[in-house]
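Read the structure below first, then the notes.
One-based numbering along the sequence shown.
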Amino acid sequence: MSNILDAFKEDHTQKVSVDTDKKIRIGIIGTGWIAGAHAEAFKHMPDLELVAASDLIPGKAAAFVAEHGFKNVKTDYKDHLEMINDDSLGLDAVSICTYNCQHAVCTIDALNKGLHVLLEKPMCVTLEEAVEICRAEKRSGKILSIGFQPRFDENMKMVKKICQSGELGKIYYIQTGGGRRRGIPTPFGTTFIEKETGGIGALGDIGCYSLDMIMNAIGHPKPLTVTGYKSAYFGTDPKNYPGHPEYAEKFGVDDFAAGFVRLEGDIIIDFRIAWAMNLDTPGDTIIMGTKGGLRIPSTECWNGSIGGPMTIYHEVGGAQVQTQIPVLKTSEDCFHLKVRYFLDACKGICPSPVPASEILYNQAILSGIAKSAELGHEIEIDIPEI
């Protein structure tokens with residue numbers, strides 16, 4: 001058994017060299033909560049200069065820049081278009097940190113302008129938007145990376161390594177998802193929960209993470225059909241918003257979603273995700289194969305890693321055994337690495353760290369679950385040619 005465990009041991013120290021000869025001039029589109037994480041990461045990038053920020057709310061971008069201690073950043077723009085069309089900035093790239101329903105239009109406009117784009121997750125709201133984003137990326141020849149920082153977590157890399165090692169044999173069934181007992185994201189207002197801004201709820205906000213974990217691990221097989229379900233029993237209940245019962249009337253997305261997805265290669269995904277539920281977890285992630293199975297412990301709030309040591313269930317010498325994979329430590333902050341590798345890709349040092357072509361399938365599943373739930377029956381997933 002020790003030999004099996006040894007096969008998955010490696011040096012997990014991530015060393016990223018930084019070329020400071022050319023500074024990437026970047027702007028931020030949307031200065032809400034997640035933009036703060038981008039700004040803080042920027043401070044540790046010696047080859048990056050924040051030169052502009054825009055927000056639809058007058059004065060918000062200026063206050064954001066001041067709060068994070070940046071100087072000489074231009075913010076007097078009415079919208080993202082005015083900022084990206086300001087040729088005096090010499091922009092190379094943008095971070096898009098808007099609410100979900102603006103992801104597609106801002107990304108397409110930036111790519112059409114010839115800018116590299118770091119786009120926060122979820123990629124967008126619908127499959128149709130995702131297709132148009134991918135087409136704009138292809139036309140532009142620029143780097144587009146989607147904001148899935150869990151890809152850089154060593155435990156997520158280990159999940160992929162195990163799945164692709166052959167140790168599990170042919171993978172045929174996956175149960176995945178996660179969620180929160182109570183965790184509807186309203187501390188910063190109602191952007192996440194309104195239909196006009198969020199577009200999708202728990203399904204896109206944290207469901208996209210758990211889907212990416214397993215889709216990336218098994219090599220992104222094409223989704224074929226999906227049966228979806230979604231509900232909003234908690235989000236529309238005023239008692240779940242102490243001090244703000246009016247939020248219940250604004251709630252227009254899902255707080256729970258589930259799906260049964262068929263992929264190419266005769267693989268099934270049994271998926272469920274929640275912002276709120278009467279459980280601590282809807283279950284661990286389970287990956288079943290013809291030679292072995294992998295259990296990935298869930299977390300209390302899906303945070304991009306794992307809730308404890310993973311276990312491989314398999315046979316050794318005819319005996320049914322379990323091999324425990326210890327929790328691995330990631331040497332650098334994953335959000336930092338997300339930005340770092342994006343910058344390196346902009347400089348031609350590496351390819352896009354999280355290419356849109358991979359997240360297209362993720363988005364097709366999310367969009368398919370929502371559409372199937374609304375129609376009340378299984379649907380085929382038709383992904384147009386890019």
Side-chain angles (χ1 to χ4, degrees), residues 94 96 98-148 151 174 195-196 198-201 203-205 207-230 253-254 257 259-269 271 345 351-386:
V94 291
I96 295 179
T98 64
Y99 46 78
N100 298 343
C101 286
Q102 285 294 301
H103 280 192
V105 64
C106 291
T107 300
I108 292 167
D109 287 343
L111 290 168
N112 287 344
K113 183 63 180 176
L115 301 175
H116 303 297
V117 176
L118 176 57
L119 171 61
E120 261 306 326
K121 62 80 195 169
M123 185 177 181
C124 49
V125 175
T126 69
L127 172 59
E128 291 76 17
E129 289 176 336
V131 168
E132 291 308 312
I133 287 173
C134 289
R135 287 173 174 166
E137 176 193 26
K138 185 177 181 180
R139 288 193 305 268
S140 73
K142 296 299 180 178
I143 294 296
L144 170 60
S145 183
I146 317 300
F148 284 90
R151 289 253 189 132
I174 299 170
K195 182 71 173 176
E196 295 75 18
I200 47 179
L203 181 58
D205 180 38
C208 67
Y209 278 138
S210 57
L211 273 179
D212 188 60
M213 174 178 69
I214 55 98
M215 288 293 285
N216 187 46
I218 63 177
H220 304 282
K222 185 178 180 180
L224 302 176
T225 67
V226 59
T227 299
Y229 169 86
K230 60 181 182 175
V253 294
D254 56 276
F260 194 79
V261 188
R262 297 182 184 276
L263 308 175
E264 279 186 336
D266 195 26
I267 304 171
I268 294 296
I269 298 176
F271 166 85
S352 173
V354 187
S357 59
E358 294 177 357
I359 307 305
L360 175 63
Y361 285 0
N362 184 314
Q363 195 65 46
I365 293 171
L366 297 174
S367 182
I369 289 172
K371 184 175 180 181
S372 170
E374 290 158 8
L375 293 174
H377 58 74
E378 182 181 60
I379 64 169
E380 292 187 4
I381 297 178
D382 181 20
I383 302 175
E385 185 175 348
I386 302 302

So the side-chain hydrogen bond (donor to acceptor under 3.5 Å, both in side chains) pairs with at least one residue in residues 112-121 (sequence neighbours excluded) are H38-E120, D87-K113, N112-R139, E120-K338, K121-D205
When every non-hydrogen atom of L115 is compared with those of K142, the smallest separation belongs to O-CB, 3.6 Å
Residues passing the ring-ring contact (aromatic ring centres under 6.0 Å, His included) test with F148, sequence neighbours excluded, are Y209
Closest non-hydrogen contact found for G204 with L366 is CA-CD1, 4.3 Å
Interatomic distance, SG@C134 vs CD1@I108, rounded to 0.5 Å, equals 9.5 Å
In terms of heavy-atom contacts, M215 and Y361 come closest through CE-CB, 4.0 Å
For S352 and L144 the tightest heavy-atom approach is OG-O, 2.7 Å
Is the shortest side-chain heavy-atom distance between I174 and I218 below 4.5 Å?
yes
Answer yes or no: is there a donor N or O on one side and an acceptor on the other, between the side chain of H103 and the main chain of L119, under 3.5 Å? no
I'd like to know if the side chain of Q363 reaches the main chain of V125, judged simply by a donor and an acceptor atom lying under 3.5 Å from each other, with no hydrogens or angles considered.
yes
| request: Output yes when a side-chain donor or acceptor of E129 lies under 3.5 Å from a complementary backbone atom of T126, and no otherwise. | output: yes
Backbone N/O of L203 and side chain of D254: donor-acceptor pair under 3.5 Å: yes
Query raised in the report: Do R135 and E132 meet the salt-bridge criterion of a basic N to acidic O distance under 4.0 Å?
Result: yes
OG1 of T107 to CD of E137, rounded to nearest 0.5 Å, is 10.0 Å
OG (S357) and CD1 (I386) are apart, to the nearest 0.5 Å, by 9.0 Å
Interatomic distance, CG@L111 vs OG@S140, rounded to 0.5 Å, equals 4.5 Å
Here the pair of heavy atoms bringing I359 nearest to I146 is CG1-CG1, 3.8 Å
Closest non-hydrogen contact found for A104 with I133 is CA-CD1, 3.7 Å
Rounded to the nearest 0.5 angstrom, the OG1-CD1 distance for T225 and I379 is 9.0 Å
Verdict with supporting geometry, I200 and V253, side-chain contact (heavy atoms from CB on, under 4.5 Å)
CA-CA 5 Å; I200 47 179; V253 294; 5.6 Å; no
Distance col, row K230:NZ vs E374:CD, nearest 0.5 angstrom, shows 3.5 Å
Exercise. Is the CZ atom of R262 crowded by more than 12 outside heavy atoms at less than 6.0 Å?
Worked result: no
**Report entry** Backbone of G368 reached by a side-chain donor or acceptor of S372 within 3.5 Å
**Finding:** no
request  = Determine yes or no for a side-chain-to-main-chain donor-acceptor pair under 3.5 angstrom, with S210 supplying the side chain and G207 the backbone.
outcome  = yes
Given 3.5 Å as the limit, does a donor-acceptor pair link the side chain of N362 with the main chain of C208, or not?
yes
E380 CD: over 12 foreign heavy atoms closer than 6.0 Å:
no
